[in-house]
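Quick note on labels: first sequence line is chain A, next is B, and so on, each numbered from 1. Bear in mind the structure is a predicted one, so any value in this text is a computation, not a measurement.
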2 protein chains.
Amino acid sequence: MDYKFRCECPITSALDILGDKWVLVIIKQMLIEDKKTFKDFTESDEAIATNILASKLKCLEELGIITKTQPPDNKKTNLYLLTEKGLALTPIIVELSIWSDENVRGLNKIMRDSPEIAIMKSDKNSFIKMIIEAYKAKTEKFY
Amino acid sequence: MDYKFRCECPITSALDILGDKWVLVIIKQMLIEDKKTFKDFTESDEAIATNILASKLKCLEELGIITKTQPPDNKKTNLYLLTEKGLALTPIIVELSIWSDENVRGLNKIMRDSPEIAIMKSDKNSFIKMIIEAYKAKTEKFY
DNA sequence: TAAAATAAATTGCAATTTGCAAGTAAAAAT
DNA sequence: ATTTTTACTTGCAAATTGCAATTTATTTTA
């Protein structure tokens, strides 16, 4: 796997990986919606197609952003879990939340309220740490 | 212009706008590479095609993220400038920088160093404010 | 003032990506 | 043993992206 990068800019290079319709949505679903199996993702509100899902998961695994493992008691179900590299995307997800709450709400009439947005804004760093710790606590039994 | 949103999730809705290969690259070029005319963008390292550029700029203008104006002394050149809504994307750009520096550098051999990354990390909020103020200072003469 | 150059696009077409629907293979449940 | 479930894969249509050439309206230059 050799990834194609457009140029030497760090920001553009990040977007060569993250800049599409699905990658950060998948990360969000893992991080805060508890999704970890192929089926979990297909049942999401966003309704990703299975072929796209398979290709994005493979790509994220190759990049070291997620891992794919089998639980010892089940050979059918795969578990997709965020690595540290994937968890390090939490600040980006949080900033997307905040920007969206302030700037997209007016355009998407069905957007849901996030009651936690006030806490998120008042102490961003603690909120980010909390999300990461919660994720690790929930998933540590699978390692 | 009615934008299509996939669902009621704020993060997914942000990505319905920002989640593609070009939008955040264009914002970055405006914010920190001083690009403001159509020609400026076409001369970038990223080498965006003119048809894509035109369509993305139009879209960003319709969403209120940038404005398109003509300088009083020149009827040929248009100026594209970030609105407050666009400037509010600065934290996302900064987080992309940091994540990229730590997690993408290993994959993109030609990625340039950002000497300011240490400052960025040590005092994120000040850095964000500084970038926004610098942008406003540079562009205020066009309003 | 006519010709050349520049800025900001638009157009046609090819290539790539995305998305839908159906199908498959292996494992687990009944 | 049969059905159901999970995790895909495949084929094809639709949409998006990208390249190269062209266009129109300004400037600039000779």
Side-chain angles (χ1 to χ4, degrees), chain A residues 1-7 12 15-26 29-30 33-63 66-81 142, chain B residues 1-7 12 15-26 29-30 33-63 66-81 142:
Chain A
M1 184 249 336
D2 47 29
Y3 224 81
K4 262 168 284 306
F5 292 98
R6 277 171 280 186
C7 63
T12 303
L15 293 167
D16 284 328
I17 292 170
L18 306 173
D20 83 336
K21 208 176 151 178
W22 288 112
V23 166
L24 284 171
V25 170
I26 291 170
Q29 292 175 341
M30 296 175 78
E33 291 169 7
D34 226 18
K35 300 197 186 295
K36 34 188 173 304
T37 68
F38 196 91
K39 187 158 180 286
D40 286 343
F41 294 111
T42 62
E43 286 169 345
S44 70
D45 285 353
E46 287 92 352
I48 186 167
T50 58
N51 55 342
I52 315 239
L53 176 60
S55 85
K56 296 293 175 188
L57 287 173
K58 192 182 168 201
C59 185
L60 286 170
E61 194 197 353
E62 287 177 345
L63 288 164
I66 65 174
T67 55
K68 177 184 181 178
T69 54
Q70 276 193 341
D73 58 328
N74 189 321
K75 285 178 181 171
K76 190 164 58 159
T77 305
N78 294 321
L79 287 179
Y80 294 96
L81 297 170
F142 304 120
Chain B
M1 185 248 335
D2 47 28
Y3 224 83
K4 261 168 283 308
F5 292 98
R6 276 170 281 185
C7 63
T12 303
L15 293 168
D16 284 328
I17 292 170
L18 306 173
D20 83 336
K21 207 175 151 176
W22 289 112
V23 166
L24 284 172
V25 169
I26 291 170
Q29 292 176 342
M30 296 175 79
E33 292 169 6
D34 226 20
K35 300 197 186 297
K36 34 190 174 304
T37 68
F38 196 91
K39 187 156 180 288
D40 286 343
F41 294 111
T42 63
E43 286 168 346
S44 70
D45 285 353
E46 286 92 352
I48 186 167
T50 58
N51 54 342
I52 315 239
L53 177 59
S55 85
K56 295 292 174 188
L57 287 173
K58 192 182 170 201
C59 186
L60 287 170
E61 194 197 353
E62 287 176 346
L63 288 165
I66 65 173
T67 55
K68 177 184 181 177
T69 55
Q70 276 193 340
D73 59 328
N74 189 322
K75 286 177 182 171
K76 189 164 57 159
T77 306
N78 295 320
L79 288 179
Y80 293 96
L81 297 170
F142 303 121

Trainee: Have a look at Phe41(B) and say if it touches a base, only the backbone sugar-phosphate, or nothing, with a 4.0 Å heavy-atom cut-off.
Mentor: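 If one applies the 4.0 Å heavy-atom cut-off, Phe41(B) turns out to touch nothing in the nucleic acid.
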
Trainee: For Gln70(B) and dA8(C), what is the distance between atoms CD and P respectively, to the nearest whole Å?
Mentor: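 Result: 10 Å.
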
Trainee: Which atom pair, heavy atoms only, marks the closest approach of Gln70(B) to Asn78(B)?
Mentor: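 For Gln70(B) and Asn78(B), the tightest heavy-atom pair comes out as CG-OD1, 3.4 Å.
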
Trainee: Looking at residues at least two apart in the chain, or sitting in another chain, which of them share a side-chain hydrogen bond (donor to acceptor under 3.5 Å, both in side chains) with Asp20(A)?
Mentor: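 Checked Asp20(A) against side-chain hydrogen bond (donor to acceptor under 3.5 Å, both in side chains); matches are Lys56(A).
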
Trainee: Could you tell me the separation between the CD atom of Glu46(A) and the C1' atom of dC20(C), rounded to a whole number of Å?
Mentor: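 Atom CD in Glu46(A) sits about 18 Å away from atom C1' in dC20(C).
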
Trainee: Would Tyr80(B) and Thr37(B) satisfy side-chain contact (heavy atoms from CB on, under 4.5 Å), going step by step from the backbone distance to the final call?
Mentor: CA-CA 6 Å; Tyr80(B) 293 96; Thr37(B) 68; 5.8 Å; no

Trainee: Is a side-chain donor or acceptor of Lys75(A) paired with a backbone partner of Asp73(A) at a separation under 3.5 angstrom?
Mentor: no

Trainee: Taking for each residue the nucleotide of DNA chain C with the nearest heavy atom, is it Ile52(A) or Glu43(B) whose nucleotide lies nearer the 5' end?
Mentor: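 Closest to the 5' end, via its nearest nucleotide, is Glu43(B).
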
Trainee: Residues two or more places apart in sequence or in another chain: which of them pass side-chain hydrogen bond (donor to acceptor under 3.5 Å, both in side chains) with Asn51(A)?
Mentor: none

Trainee: Hey, can you pull the donor-acceptor pairs under 3.5 Å for the side chains in residues 43-50 of chain A, sequence neighbours left out?
Mentor:
{"from": "Glu43(A)", "atom 1": "OE2", "to": "Lys39(A)", "atom 2": "NZ", "distance (Å)": "2.7"}
{"from": "Ser44(A)", "atom 1": "OG", "to": "Gln29(A)", "atom 2": "NE2", "distance (Å)": "3.2"}
{"from": "Ser44(A)", "atom 1": "OG", "to": "Phe41(A)", "atom 2": "O", "distance (Å)": "3.0"}
{"from": "Ser44(A)", "atom 1": "OG", "to": "Glu46(A)", "atom 2": "N", "distance (Å)": "3.4"}
{"from": "Ser44(A)", "atom 1": "OG", "to": "Ala47(A)", "atom 2": "N", "distance (Å)": "3.4"}
{"from": "Glu46(A)", "atom 1": "OE1", "to": "Gln29(A)", "atom 2": "NE2", "distance (Å)": "2.8"}
{"from": "Glu46(A)", "atom 1": "OE2", "to": "Lys28(A)", "atom 2": "NZ", "distance (Å)": "2.7"}
{"from": "Glu46(A)", "atom 1": "OE2", "to": "Thr12(B)", "atom 2": "OG1", "distance (Å)": "2.5"}

Trainee: Just how far, in rounded Å, is P of dA8(C) from NZ of Lys35(B)?
Mentor: 13 Å

Trainee: Could you give the CD1-to-P distance, from Ile26(B) to dA8(C), as a whole number of Å?
Mentor: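 My rounded result for the distance is 14 Å.
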
Trainee: If I compare all heavy atoms of Leu79(B) with all of Phe142(B), which pair ends up nearest, and what's the gap?
Mentor: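 Shortest heavy-atom contact: CD1-CD2, 3.5 Å.
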
Trainee: Distance from Leu53(A) atom CG to Ile26(A) atom CD1, nearest 0.5 Å?
Mentor: 5.5 Å

Trainee: Once you round it to whole Å, what is the distance between C1' of dA8(C) and CD1 of Ile66(B)?
Mentor: 14 Å

Trainee: Give each protein N/O atom lying under 3.5 Å from an N/O atom of nucleotides 21-23 of chain C, with the pair distance.
Mentor:
none

Trainee: Atom CZ of Phe38(A) and atom C1' of dT24(C): how far apart are they, to the nearest Å?
Mentor: 13 Å

Trainee: Distance under 4.0 Å to a non-hydrogen atom of chain A counts as contact; along DNA chain D, which nucleotides mark the start and end?
Mentor: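 In short, chain A contacts DNA chain D from dT5(D) to dG11(D).
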
Trainee: In whole angstrom, give the distance that lies between atom NZ of Lys21(A) and atom C1' of dC20(C).
Mentor: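 These atoms are roughly 13 Å apart.
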
Trainee: Measuring from atom CZ of Arg6(A) to atom NZ of Lys4(A), what distance do you get when rounded to the nearest 0.5 angstrom?
Mentor: 13.0 Å

Trainee: Which heavy atom in Ile66(A) sits nearest to a heavy atom in Leu57(A), and how many Å separate them?
Mentor: CD1-O, 3.6 Å

Trainee: Is a donor on one side and an acceptor on the other found under 3.5 Å between the side chain of Thr77(A) and the backbone of Asn74(A)?
Mentor: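 A pair under 3.5 Å: no.
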
Trainee: Quick one, give me the B/S/- string for nucleotides 25-30 of chain C, reading 5' to 3', where B means a protein heavy atom under 4.0 Å from the base and S means that only happens at the primed atoms, P, OP1 or OP2.
Mentor: --BS--

